[in-house]
Structure formats: structure tokens, C-alpha cells
Amino acid sequence: MFGKSFEDKVTAALEKVRGSFPRAQISASVADKIVTLKGEAPDLDTKGRIMAEFNKLVDTDNTINQISIPKPAGAPAAAGAAPAPQNAAAAPRAAGGPRVHEVVRGDTLSAIAKKYYGSANKYTKIFEANRDILDDPDKIKPGQKLTIPD
């Protein structure tokens, strides 16, 4: 055999990512050439950067981002935060699971964010939650099923 196995490459990349982001706790599981990243990152920006760095280091068939961001204990709702619009149709939600939006022709992440959060500017929240299937926030395709985080 020549070179490292896929699992060895994932392990090496994971160690490098851990070194670059010491405040994050990251692990990985491998099934075929699909990698699932799990753990915690201190914030949404770090979560996205971890995913981007890992994907630069390892050529996977798919990298699933299951890195969570801890919510501060007892944190009140953000001052001035707009409640979810009452006229927005709720996305289907499995018992206790996340909402899912199936992309239709003409959808944009901004329009989807406006529908679920009342603000088009929150499109990055949806983009970051779906980095495992999206490379560019401007390139979504009909039929994709996007996770809509709370």
C-alpha cells in the first residue's frame, strides 16, 4: 500500500484543526469517505472556519458538520430581537428535531432567512448550518433539504 489510509488522513487533519482552534473540542467519525465532525465551537464563525480548514486538508465525498455552539446558561433573548413572523409557514420538524426547508426554484438563502427569522440578513445562519451540502451561499439548488436552525 502506498501513502496514508483515508482514516489516517482524517486523523492528521483533525489534529491540525484542533491545533488551529484550541478553544474548540472536535472529533470525527468516518464511514466510507464521508466524515462527520462533532463537538463544540465557541461561536458560529469558528464553526465555519473549522469546517473550511478541514475540507482543505482532506478530500471527502461529504463532510457533515455536527459541531454545536453552546448557548450561555440562562441567557435572556437578545434585546430588540424580532419574534418569528406569524405568517411564515413552519417547516416540518421531526419530533424534537430541526426544521427542514426543501429548496424550490427561485429560493435564495436570504428569502428563506426572511421567511423563518423575519430578517434576510440571517442567511448566514442557514448557510453555516448546511456547510456540509453548500459551498457557496449564492448556489442553492431545487430539491436540496436545508436544516433551519433555531
Side-chain angles (χ1 to χ4, degrees), residues 3-85 88 90-103 107-141 144-150:
K4 294 181 178 180
S5 72
F6 182 72
E7 287 80 7
D8 290 341
K9 291 176 184 177
V10 168
T11 300
L14 187 60
E15 290 305 315
K16 186 167 185 175
V17 168
R18 285 178 180 151
S20 297
F21 301 95
R23 291 182 36 215
Q25 299 174 352
I26 307 299
S27 65
S29 59
V30 179
D32 295 320
K33 284 193 77 180
I34 299 172
V35 177
T36 302
L37 295 179
K38 296 180 180 181
E40 282 191 358
D43 54 58
L44 190 60
D45 179 58
T46 302
K47 177 180 173 176
R49 290 182 15 235
I50 288 168
M51 187 77 165
E53 183 171 330
F54 183 84
N55 282 331
K56 286 180 191 173
L57 298 170
V58 181
D59 182 25
T60 69
D61 286 348
N62 192 7
T63 305
I64 300 169
N65 188 341
Q66 292 184 349
I67 301 169
S68 64
I69 301 166
K71 293 181 182 176
R93 186 187 299 248
R99 293 179 289 188
V100 176
H101 176 89
E102 185 168 345
V103 176
D107 270 351
T108 63
L109 286 185
S110 294
I112 295 168
K114 181 142 178 76
K115 176 179 179 180
Y116 293 103
Y117 304 123
S119 171
N121 293 332
K122 293 190 177 185
Y123 75 92
T124 56
K125 188 173 184 177
I126 298 170
F127 177 65
E128 291 300 331
N130 292 280
R131 291 294 294 250
D132 56 321
I133 60 172
L134 299 177
D135 294 324
D136 184 329
D138 295 323
K139 295 181 181 174
I140 62 174
K141 301 173 193 151
Q144 285 178 314
K145 293 186 175 160
L146 303 177
T147 299
I148 309 297
D150 290 330

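In this text the structure is predicted, and so the values were computed from the model without any measurement.
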Side chain to side chain contact (heavy atoms under 4.5 Å, CB included) between I26 and I50: does it pass, once the steps are laid out? CA-CA 9 Å; I26 307 299; I50 288 168; 3.9 Å; yes

Less than 4.5 Å apart, side chain to side chain, heavy atoms only: is that true for V10 and F54? yes

Check whether any side-chain heavy atom of D107 sits under 4.5 Å from a side-chain heavy atom of H101, and report yes or no. yes

Should L146 and L134 be marked as a side chain to side chain contact (heavy atoms under 4.5 Å, CB included) after you check the CA-CA gap, both sets of side-chain angles, and the distance that decides it? CA-CA 9 Å; L146 303 177; L134 299 177; 4.0 Å; yes

Decide yes or no for N55 and D135: does some side-chain heavy atom of the first lie under 4.5 Å from some side-chain heavy atom of the second? no

I want to check something: taking the side chain as every heavy atom from C-beta on, are M51 and I67 in contact at a cut-off of under 4.5 Å? no

Ignoring hydrogens, what is the shortest heavy-atom contact between F21 and T46? Give both atom names and the distance. CD2-CG2, 3.7 Å

Please evaluate residues K145 and N130 with respect to the criterion side chain to side chain contact (heavy atoms under 4.5 Å, CB included), reporting the C-alpha separation (whole Å), side-chain torsions for both, the decisive distance (0.1 Å), and the verdict. CA-CA 9 Å; K145 293 186 175 160; N130 292 280; over 6 Å; no

Do N65 and T63 have side chains that get closer than 4.5 Å, going by heavy atoms? no

Close side-chain approach of V58 and F6, heavy atoms under 4.5 Å: yes

Using a 6.0 Å cut-off, check whether atom NZ of K16 has over 12 heavy atoms from anything other than its own residue. no

Heavy atoms, side chains only, cut-off 4.5 Å: are T60 and I34 in contact? no

Heavy atoms of R18 and S27 approach each other most closely as NH2-CA, 3.8 Å

Between T147 and R99, is there a donor-acceptor pair closer than 3.5 Å when you use the side chain of the first and the backbone of the second? no

Mind checking whether Y123 and T108 have side chains closer than 4.5 Å, heavy atoms only? no

I'd like to know whether K47 forms a side chain to side chain contact (heavy atoms under 4.5 Å, CB included) with I69, so could you lay out the CA-CA distance, the side-chain angles of the two residues, the decisive distance to 0.1 Å, and finally the verdict. CA-CA 8 Å; K47 177 180 173 176; I69 301 166; 4.1 Å; yes

Is it the case that over 12 heavy atoms from other parts of the model lie below 6.0 angstrom from the CD atom of Q25? no

So with a 6.0 Å cut-off around CG of D136, is the heavy-atom count from everything else above 12? yes

Basic-acidic side-chain contact under 4.0 Å: K56, E53: no

